[in-house]
Structure formats: C-alpha cells, structure tokens
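Report on the following structure.
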Amino acid sequence: MASIRRTLSPAYHHRSYQNGAGFSSPSHKFLPNGNRKHSSSRHLPLLFTALNLVYRKGWRRSLCWCLFFFLIGFVFGITLFGNMDTDIRAEDFAFPELKPPHVDLLLDDQIVTSVSLGIHTRLQEPKEVDDLIGPPLKQLIVVTPTYNRGFQAYFLNRLGQVLRLVKPPLVWIVVEEKVASFETAEILRRTGVMYRHVVCTRSPSEPKDRGVHQRNAALEHIERHKVDGIVFFADDDNVYTVELFESLRTIRRFGTWPVAMLAPSKNKAILEGPVCNGSQVIGWHTNEKSKRLRRFHVDMSGFAFNSSILWDPKRWGRPYSNPIRQLDTVKEGFQETTFIEQVAEDESQMEGILPGCSRIMNWHIHLDTSNLIYPKGWLLEKNLEITLAIK
C-alpha cells in the first residue's frame, strides 16, 4: 500500500527540538495587520504551536479549530473584564435589607435606673405621686369600744371595711371588757387593718358607763406608750364616710364637725355639732331642751384631738397635768362636754372640719340590740367554718 509522506518545510530543518521545546511558527500572519502589541498576542504563539502539533492528525482538525476559537474568546473575555472599573461594592448586588426604625441608643456612661411598661395605674396618678413626695401623713388613732351583743360581728366588720379604705398610717384600738374574746380577735385579723386589742378590767356599775371605762382604758394605753396621732372615738354602731377619716389629718389641736343623729322616736333626724364661719367655730346646733345646759354641744363621734395633749401637756400650755379621762360621775349625755373642757378651753382653740362645717360625714344611729332574740334555728353552737368542715 502506497503511503503519502509530507516532508517538513525546509525552513524548519535548521532547528533542533528537544521534547518539542523551542518550536515556533509564523502564526502572526493570521492576525490582522500583524500587530503583536495587542494584549492577547502574547498568548497566541503558544496556542498556534499546540494547534500545529495536532493539525497533521487529519480528523482532529475541526476539533483544533473549535479549541482555538474557544481559547480566543476566553482570552478576549479576560482582557475586556480586566479593563473594567473595579470599584464595585457587594452592596450593589445585595437584596434590600428590612430594618426596624432607627433608635438612638446612648450606651456610653448610661445607667438604667428604672423600667416602665407605659401603663398608667392608680399608683401612678399625679395626685398620689404628690402624696408620696410631700410630707408624711399624720397617724390616725381610732378608738372603738365593743361588747358582746347581737350585731357585734356585723358592726365590727362594717367599720373595719371602712377603715381598710383609709390611707395608712392608721391604728385601730378596739377595747373589750373583762377579756379579749377569740371571735373579736378573728374579726380584727381578717379586716387587714393594723390594730391593738385592749381589755378593760374595770367593771362598770351601770351598763351606760361601759363605754366610758373602755375609752379611758384606750386613753391610758395611748398615754403610757406615747402613741402619736389624732385620736377619734368611733363607736362600732355608727356610720362613717372615708372622707371623714381623711379630713381628720388636717387637725392641729382639736377639731369638730356636725353629726346627724336618728331620734329615739325614729321619725326624724336631728343635727348636733358646731356652727362655723370657714374653719372658725362660732356656735352650736342643738335640738334637745334637756341638753341646753351643756357647754359644748358635740356628739362623742363629732370631735377628734391631738394625742400629744395626753402625754405632753407643756407643749399645749395646759396649766395642770392631771390625766385626761372621761367622767362616769356626770349625768348621761354630759360625758362629751366635760371631756372636751379638759382638752380645749373655748372655741378659739377649736377647728371646724371642712370649710363652713356644712358636710355630714357620719351618722349616729340608735339601735337597741340588747334584747334581740334570734329566731329558732338561727343560733349556731359552733363556728360556721368548723360546721362546714365537719359536714
């Protein structure tokens, strides 16, 4: 079989090749204008050398041209991107970031002292905040004599719930006769009011003098322990408003106000107390002829006074230092005026509570519960809670 051999061009015989090194070809003739200064011409001799080695293989010629043009495009691509502006930031290709509204946080040298939830409560009202910032409130000393009778639990619970609504400080001195009963102590604990349970050991000769001795026991307790505050005699069967107790804190020495009373006949109400011009006492209300001889027409729950009068007489310029007590030797209905005469000399040392003394803030209701008889089946021999627990 005949073979066709092509000889190399004479122009290449004068060169020596070692492992194909040093092979060169005038491939620059393929470039237009023969410009070797182009940035891509540096890579073309090597490309043509590789192509000429494979050119003589015959069937691989097409593959060589494909590789040639691919490499040409790749080199031109690198050259074009190499001349582009390289000042490209990553933020230009990033998706927009959703951020919350900007808040200035000054973290340097900042100390968080409080955290507020932004909820307005009653404790944050301007009036109550002013009370906390202002001077401390005067303590109220509420004296209540009590004894075992039909409505005792009802009266004590009702008064205790009213005192519970009064702003502290307040101390409730409850006086019982002979012994401090467990039932009374239990009622006092449940009211949530700060209290002192006092016992009057003196036995009265008459039932009407029971309250006189019990109040004297409370006065002796206040004087011995020098309890500072405004003393107010609040019987458990009377009706009081919270406004009355709040008004007592304005008293400097002795304060008084009118009291509405239900007449024994139960068909009308009478008024007893001071007539005021502003806060100055200028006269008295009275509707009972038998009591017109009294110096001061005041109900027992119609006045209050500073407790330091009991244990610091020099502060108030009292000429004598005898203990201030209620008297059981006077006629019934005159205990109030004889007691007030020991505390205040005349109307000039008194203060009318609320301007004009035109508000009724407590009622004195006469309820006779001494002969109260429970219907059959109403009396429980044991405590109600114990009875329910047993069942």
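Computed from heavy atoms alone, side chains included, the values below leave out hydrogens, waters and symmetry copies.
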Query raised in the report: Does the pair Arg215 and Asp235 meet the rule for a salt bridge (Lys or Arg N to Asp or Glu O under 4.0 Å), with working shown?
Result: CA-CA 10 Å; Arg215 295 186 190 96; Asp235 292 343; 3.1 Å; yes
**Report entry** side-chain contact (heavy atoms from CB on, under 4.5 Å) between Asn306 and Arg252, intermediate numbers included
**Finding:** CA-CA 7 Å; Asn306 197 311; Arg252 180 178 177 270; 5.9 Å; no
Report task. Just do the side-chain contact (heavy atoms from CB on, under 4.5 Å) check on Val227 and Arg196 with the steps written out, would you? Result -> CA-CA 12 Å; Val227 183; Arg196 296 187 181 184; 3.6 Å; yes
Query raised in the report: What do the steps show when you test Leu327 against Phe339 for side-chain contact (heavy atoms from CB on, under 4.5 Å), and what is the final call?
Result: CA-CA 7 Å; Leu327 305 178; Phe339 178 82; over 6 Å; no
Query raised in the report: Please walk me through it: do Val239 and Arg158 pass side-chain contact (heavy atoms from CB on, under 4.5 Å)?
Result: CA-CA 9 Å; Val239 179; Arg158 183 180 63 180; 3.9 Å; yes
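Thr144 places no side-chain N or O within 3.5 Å of a backbone atom of Asp236 that could act as its donor or acceptor partner. The closest donor-acceptor contact from the side chain of Ser307 to the backbone of Val231 lies at 3.5 Å or more, if one exists at all. Not one N or O on the side chain of Arg295 forms a donor-acceptor pair closer than 3.5 Å with the backbone of Thr337. With hydrogens and angles ignored, the 3.5 Å screen pairs no side-chain donor or acceptor of Asn362 with any backbone N or O of Leu244. Judged by distance alone, with hydrogens and angles left aside, the side-chain atoms of Gln335 form a donor-acceptor pair with the main-chain N or O of Gly333 at under 3.5 Å. Glu177 contributes no side-chain N or O that, together with a main-chain N or O of Asn148, makes up a donor-acceptor pair within less than 3.5 Å. Looking at Thr250, its side chain does come within 3.5 Å of a backbone N or O of Ser247 through a donor-acceptor pair. Between the Thr256 side chain and the Gly302 main chain, a donor and an acceptor come within less than 3.5 Å of each other. When atom types are taken as modelled, the side chain of Glu351 and the backbone of Arg253 share a donor-acceptor pair closer than 3.5 angstrom. A distance-only check finds no donor-acceptor pair linking the side chain of Asn238 to the backbone of His364 [under 3.5 Å].
The number of heavy atoms from other shown groups lying within 6.0 Å of CZ (Arg359) does not exceed 12. More than 12 heavy atoms of other residues, nucleotides or ligands shown are found within 6.0 angstrom of CZ on Arg189. Atom CD of Glu345 sits in a sparse spot, with 12 or fewer heavy atoms from other residues, nucleotides or ligands closer than 6.0 Å. Around CH2 of Trp363, the count of heavy atoms belonging to other residues, nucleotides or ligands within 6.0 Å does not exceed 12.
Residues Glu336 and Asp299 approach most closely at CG-C, 3.9 Å, considering heavy atoms. In plain terms, the two heavy atoms of Ser203 and Lys178 that are nearest each other are OG-CE, 4.4 Å. The minimum heavy-atom distance linking Ile340 with Met350 is given by the pair CG2-CE, 3.8 Å. When every heavy atom of Thr184 is checked against every heavy atom of Glu176, the shortest pair comes out as OG1-OE2, 2.9 Å. Contact between Pro258 and Cys357 at its shortest, heavy atoms only, is CG-O, 3.3 Å. Trp311 approaches Ile222 most closely through the heavy-atom pair CD1-O, 3.9 Å.
By the criterion of side-chain heavy atoms lying less than 4.5 angstrom apart, applied directly or through intervening Ile, Leu, Val, Met, Phe, Trp or Tyr residues, Met300 is grouped together with Val298 in one hydrophobic cluster. Val259 is not connected to Phe233 by any chain of hydrophobic side-chain contacts under 4.5 Å among Ile, Leu, Val, Met, Phe, Trp and Tyr, and they are in different clusters. Note on Leu140 and Val242: same hydrophobic cluster, where clusters join Ile, Leu, Val, Met, Phe, Trp and Tyr whose side-chain heavy atoms are under 4.5 Å apart, directly or indirectly. Linking ILVMFWY residues whenever their side-chain heavy atoms come closer than 4.5 Å, directly or via other members, leaves Ile173 and Ile251 in distinct clusters. Put simply, Val199 and Tyr147 are part of two different groups of oily side chains (I, L, V, M, F, W, Y) that touch within less than 4.5 Å, one to the next.
For the atom pair Leu354 CG and Ile360 CD1, the distance stands at 10.5 Å (nearest 0.5 Å). Here CG of Leu248 is found 6.5 Å from CD1 of Ile353. Values are rounded to the nearest 0.5 Å. Once rounded to the nearest 0.5 Å, the distance linking CD of Glu223 with CG of Asp312 reads 11.0 Å. We find the CD-CD1 distance between Glu220 and Ile324 to be 14.0 Å, quoted to the nearest 0.5 Å. To the nearest 0.5 Å, atom CG of residue Leu219 and atom CD1 of residue Ile309 are 11.5 Å apart. Separation of atoms CD (Gln214) and CD (Gln326) is listed at 11.0 Å; rounding is to 0.5 Å.
Checked against the 6.0 Å centroid criterion, the rings of Phe296 and Phe254 do not qualify as a close aromatic pair. You'll find the ring centres of Tyr240 and Trp257 outside the 6.0 Å limit.
Counting heavy atoms from C-beta on, the side chains of Cys276 and Glu347 never come closer than 4.5 Å. The shortest distance between side-chain heavy atoms of His221 and Val175 does not fall below 4.5 Å. Side-chain contact between Val343 and Phe303: absent, with no pair of heavy atoms (C-beta onward) separated by less than 4.5 Å. Asn322 has its side chain out of reach of Gln342: every pair of non-hydrogen atoms, C-beta onward, lies at least 4.5 Å apart. Leu188 is not listed as a side-chain neighbour of Val193, based on a closest heavy-atom distance of 4.5 Å or more. In this structure, the side chains of Trp316 and Phe305 stay at 4.5 Å or more apart for every pair of heavy atoms. With a 4.5 Å cut-off on side-chain heavy atoms, Asp237 and Arg149 count as touching. In this structure, the side chains of Pro355 and Ser279 stay at 4.5 Å or more apart for every pair of heavy atoms.
The salt bridge (Lys or Arg N to Asp or Glu O under 4.0 Å) test with Arg294 singles out one residue from Glu272, Glu341, Glu332, and that residue is Glu272.
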